[in-house]
Amino acid sequence: MGLYALFKFGKIASFTRNICFDNIGTGIPWRKVDTMGKRIIFHIDVNSAYLSWESVHRLQHGDPLDLRTVPSVVGGDPITRHGIVLAKSIPAKKYDIQTGESIFSAKAKCPELVIARPNYGLYMQCSRAFGNILREYSPLIEQYSIDEYFVDFTNMERLHCDPIKTAYEIKDRVKNELGFTVNVGVSTNKILAKMASELIKPDKVHTIFPDEIAEKMWVLPIEELFMVGRATAKKLRSRAINTIGDLANYDPRLIKLFLKSHGMLVWNYANGIECSPVRESRRTMIKGIGNSTTTPFDVEDAITAYLVLLSLTETVAARLRQTEYCARLVSVSLRNNEFNSCSHQRKIASAIDCTNAIHEIACELFDELWKGEPIRHLGVRVSELCKNDFIQLSLFEKDYEKQRAMDRTIDSLRERFGTNAVFRSSFINSGLRFATGGTVDDEEYPMMSSQL
DNA sequence: TCTGGGGTCCTAGGACCC
DNA sequence: TCTGGGGTCCTAGGACCC
């Protein structure tokens with residue numbers, strides 16, 4: 001593979017430049033937008049991230065068993081109704097165990113399956129250590145999710161060696177220094193780099209340069225294309241579009257007719273057309289903060305539901321204040337014991353960040369939403385954020401100044417002494433956690449947008 | 001013991017105004 | 001009095017990602 005990739009790299013000078021078609025259906029003849037010259041983008045993806053990290057951690061703490069060598073998964077606890085597979089080992093893959101399926105059904109497929117509980121704090125540390133290695137190769141890196149980074153290696157050949165050699169170096173350094181394996185995809189934009197890193201796993205470097213799209217990407221089934229999920233795949237297959245190549249070579253006007261803008265997005269991706277920059281930080285761009293949980297038991301009365309909403313709101317509001325935002329929209333979501341979901345939202349006249357204020361609205365929304373059936377899942381989300389340094393308090397709203405002072409005090413107590421330092425007495429003997437979701441002092445989870 | 005949680009973006013339909 | 005059309009805002013739900 002190595003020699004093959006190095007050989008392929010010889011073609012790099014003869015790139016056809018990216019062309020974006022974005023005027024489908026406008027009646028205007030094709031407009032060719034020259035995007036950029038010669039970019040080099042890496043996409044680095046940890047192989048079975050949670051499971052690898054768990055294995056390495058256990059080995060380092062004297063466990064003789066390497067989870068990666070046996071059928072194993074990282075998954076939640078079915079007793080508290082969190083029992084789904086979050087990550088699986090390669091031997092588990094051989095039993096057709098899928099990420100997202102229930103632990104119950106995974107065990108049915110493989111009775112000797114080893115199950116490890118997730119440890120998000122550990123994963124966050126691994127993710128950071130991994131990012132720190134990448135930062136040595138370029139000042140411009142983007143964390144796309146907990147286990148994925150993009151690196152813009154454009155013009156970095158002068159400091160390091162050639163891109164393919166560097167990709168191998170990164171892969172081997174992560175393995176040798178941190179103990180887990182990664183795949184590195186190399187190309188001229190993010191979509192091709194990302195598709196390349198997914199090719200054959202684990203511990204591999206792949207390229208999909210523009211002149212390799214047909215050979216390496218078009219032959220793949222349509223489901224393998226980034227942003228083609230179950231629903232889109234079904235629609236495409238019903239029109240005999242079965243491979244990425246079928247989509248790439250289909251008339252984009254027809255795609256747009258039945259898949260709208262999402263159709264154009266995936267048609268562009270199928271053709272390797274994508275020109276978004278590698279962004280150092282997404283943190284300034286957050287759109288909303290939410291927290292939801294599947295309750296350990298069905299909630300059947302409003303008082304308990306209010307308490308769950310409070311526990312969710314505690315973390316949402318604390319994260320909101322931590323990022324120095326206020327919100328103008330509160331939404332509540334609910335899933336009943338028959339797995340039907342619904343949601344309800346409300347705009348508020350003045351932006352807020354108080355736990356009590358958000359909770360009060362969440363409870364009102366809940367009352368308007370709930371029909372009385374048993375509930376298994378509740379969520380609180382705030383959005384339409386604005387900076388909290390200039391809050392306009394409406395004359396008609398309650399004066400929340402005292403509440404804000406109280407929140408500040410609790411936030412600082414928790415910051416100094418841990419999240420457990422203070423909690424509301426209403427949670428005593430409730431069987432519920434007083435603050436659901438990641439603890440407040442955890443570092444912000446790096447989230448990705450659905451587009452690159 | 002069957003089915004998580006955190007995000008983003010898009011669309012359709014209704015209300016409302018001109 | 002009735003009808004129509006365009007624009008904007010709001011809401012709920014769906015699709016996708018890891």
Side-chain angles (χ1 to χ4, degrees), chain A residues 43 45-46 48-50 73-87 98-109 115 117-118 120 123-124 127 143-149 190-191 194 197-198 223 225-236 259-266 269 282-283 285-297 312 315-316 319 328-348 365 368-369 376-385 436-438 442 444-452:
Chain A
H43 179 256
D45 191 324
V46 179
S48 324
Y50 289 0
V73 297
V74 172
D77 185 357
I79 291 175
T80 56
R81 313 203 290 188
H82 288 67
I84 65 152
V85 173
L86 298 164
Q98 308 285 331
T99 302
E101 81 172 299
S102 67
I103 296 285
F104 181 83
S105 107
K107 272 221 126 167
K109 289 176 182 176
I115 299 159
R117 298 278 169 254
Y120 295 102
Y123 308 154
M124 217 69 83
S127 178
Q143 182 155 23
Y144 188 61
S145 73
I146 194 162
D147 68 332
E148 286 175 64
Y149 284 84
K190 287 160 86 176
I191 185 68
K194 184 159 168 61
S197 73
E198 312 263 303
E223 290 79 9
L225 183 62
F226 178 67
M227 290 304 288
V228 174
R230 244 209 315 260
T232 308
K234 197 177 163 198
K235 287 178 195 163
L236 291 169
L259 287 179
K260 310 278 164 51
S261 66
H262 190 249
M264 284 321 301
L265 179 83
V266 293
Y269 286 176
R282 292 175 173 272
R283 200 166 292 204
M285 298 165 51
I286 44 166
K287 299 278 168 33
I289 295 171
N291 193 193
S292 65
T293 191
T294 295
T295 48
F297 47 86
L312 293 165
T315 9
V316 167
R319 287 174 58 204
R328 284 204 187 83
L329 185 68
V330 179
S331 19
V332 164
S333 62
L334 175 163
R335 176 145 69 231
N336 65 25
N337 62 349
E338 290 178 331
F339 263 81
N340 299 314
S341 303
C342 53
S343 66
H344 195 32
Q345 65 185 50
R346 186 188 300 164
K347 278 209 145 175
I348 41 190
L365 288 167
E368 290 163 15
L369 185 62
R376 70 169 283 136
H377 179 104
L378 279 165
V380 174
R381 173 163 200 82
V382 294
S383 49
E384 299 207 358
L385 307 183
T436 314
D442 272 350
E444 196 76 10
Y445 190 99
M447 282 316 301
M448 43 177 286
S449 99
S450 56
Q451 291 175 29
L452 293 172

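Heavy-atom basis, side chains included; hydrogens, waters and symmetry copies ignored. Below, chains carry the letters A, B, ... as their sequence lines are ordered, and counting in each starts from 1.
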Using a 4.0 Å heavy-atom cut-off to protein, can you give one letter per nucleotide of nucleotides 9-14 of chain C, 5' to 3': B if the base is in contact, S if only the sugar-phosphate is, - if neither? -SBSS-
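Within 4.0 Å of A:G229, counting heavy atoms only, lie sugar-phosphate atoms of the nucleic acid but no base atom. If you check every strand for non-hydrogen atoms under 4.0 Å, A:K107 touches nothing. A:T99 comes within 4.0 angstrom of no nucleic acid atom, judged by non-hydrogen atoms across all strands. Residue-level contact check: A:S331 touches neither bases nor backbone, having no heavy atom under 4.0 Å from any strand. Within the nucleic acid shown, A:I79 has no heavy atom closer than 4.0 Å to any nucleic acid atom. When heavy atoms are screened at a 4.0 angstrom cut-off, A:D147 is found touching the sugar-phosphate backbone but no base atom. In this structure, A:G100 reaches neither bases nor backbone, as no heavy-atom distance under 4.0 Å exists between it and the strands shown.
Side-chain contact of A:Q143 with A:S127: a donor-acceptor pair under 3.5 Å is present, judged by distance alone.
Comparing atom distances between the A:H377 side chain and each of B:dG5, B:dT3, C:dC18 picks out B:dG5 as nearest. Of the candidates C:dC18, B:dT8, B:dG5, the closest approach to any side-chain atom of A:I286 belongs to B:dT8.
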In residues 77-86 of chain A, what donor-acceptor pairs under 3.5 Å come from side-chain atoms, sequence neighbours left out?
{"unit_1": "A:D77", "atom_1": "OD1", "unit_2": "A:I79", "atom_2": "N", "d": "3.0"}
{"unit_1": "A:T80", "atom_1": "OG1", "unit_2": "A:D77", "atom_2": "O", "d": "3.1"}
{"unit_1": "A:T80", "atom_1": "OG1", "unit_2": "A:H82", "atom_2": "ND1", "d": "3.4"}
{"unit_1": "A:R81", "atom_1": "NE", "unit_2": "A:T295", "atom_2": "O", "d": "2.9"}
{"unit_1": "A:R81", "atom_1": "NH1", "unit_2": "A:D298", "atom_2": "OD1", "d": "2.9"}
{"unit_1": "A:R81", "atom_1": "NH2", "unit_2": "A:T295", "atom_2": "O", "d": "3.1"}
{"unit_1": "A:R81", "atom_1": "NH2", "unit_2": "A:F297", "atom_2": "O", "d": "3.1"}
{"unit_1": "A:R81", "atom_1": "NH2", "unit_2": "A:D298", "atom_2": "OD1", "d": "2.9"}
{"unit_1": "A:H82", "atom_1": "ND1", "unit_2": "A:T80", "atom_2": "O", "d": "2.6"}

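As rounded to whole Å, 11 Å separates atom P of C:dC16 from atom CG of A:L265. Look at NE2 on A:H262: it is 17 Å from P on B:dT8, rounded to the nearest Å. Distance A:Y120 OH to B:dG5 P: 9 Å, rounded to the nearest Å. Rounded to an integer number of Å, the gap from CG of A:L236 to P of C:dC16 is 10 Å. Atom CD1 of A:I103 is separated from atom P of B:dG4 by 11 Å (rounded to the nearest Å).
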Starting from the C-alpha separation in whole Å, work towards a yes-or-no answer on side-chain contact (heavy atoms from CB on, under 4.5 Å) for A:T232 and A:M227. CA-CA 8 Å; A:T232 308; A:M227 290 304 288; over 6 Å; no
Audit row: A:L365, A:V380, side-chain contact (heavy atoms from CB on, under 4.5 Å) steps and yes/no: CA-CA 10 Å; A:L365 288 167; A:V380 174; over 6 Å; no
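Under the stacking criterion of a centre-to-centre distance below 5.5 angstrom and an interplanar angle below 30°, A:F339 sits stacked against the six-membered ring of B:dT3.
If A:G288 and A:E338 are placed on DNA chain B by their nearest nucleotide, the residue sitting closer to the 5' end is A:E338.
B:dC16 and C:dG4 have their C1' atoms separated by 15 Å, given to the nearest Å.
For DNA chain C, runs of at least 3 consecutive pairs of the Watson-Crick or G-U wobble type, with both hydrogen-bonding distances under 3.5 angstrom, map to B:5-18 with C:5-18.
Residue A:N291 places none of its side-chain N or O atoms closer than 4.0 Å to OP1 or OP2 of B:dG5. Applying the 4.0 Å criterion to OP1 and OP2 of B:dT8, one finds that A:R381 has a side-chain N or O inside that range.
A parallel orientation is assigned to the rings of A:Y50 and A:Y123, their planes being inclined by less than 30° (bins at 30° and 60°).
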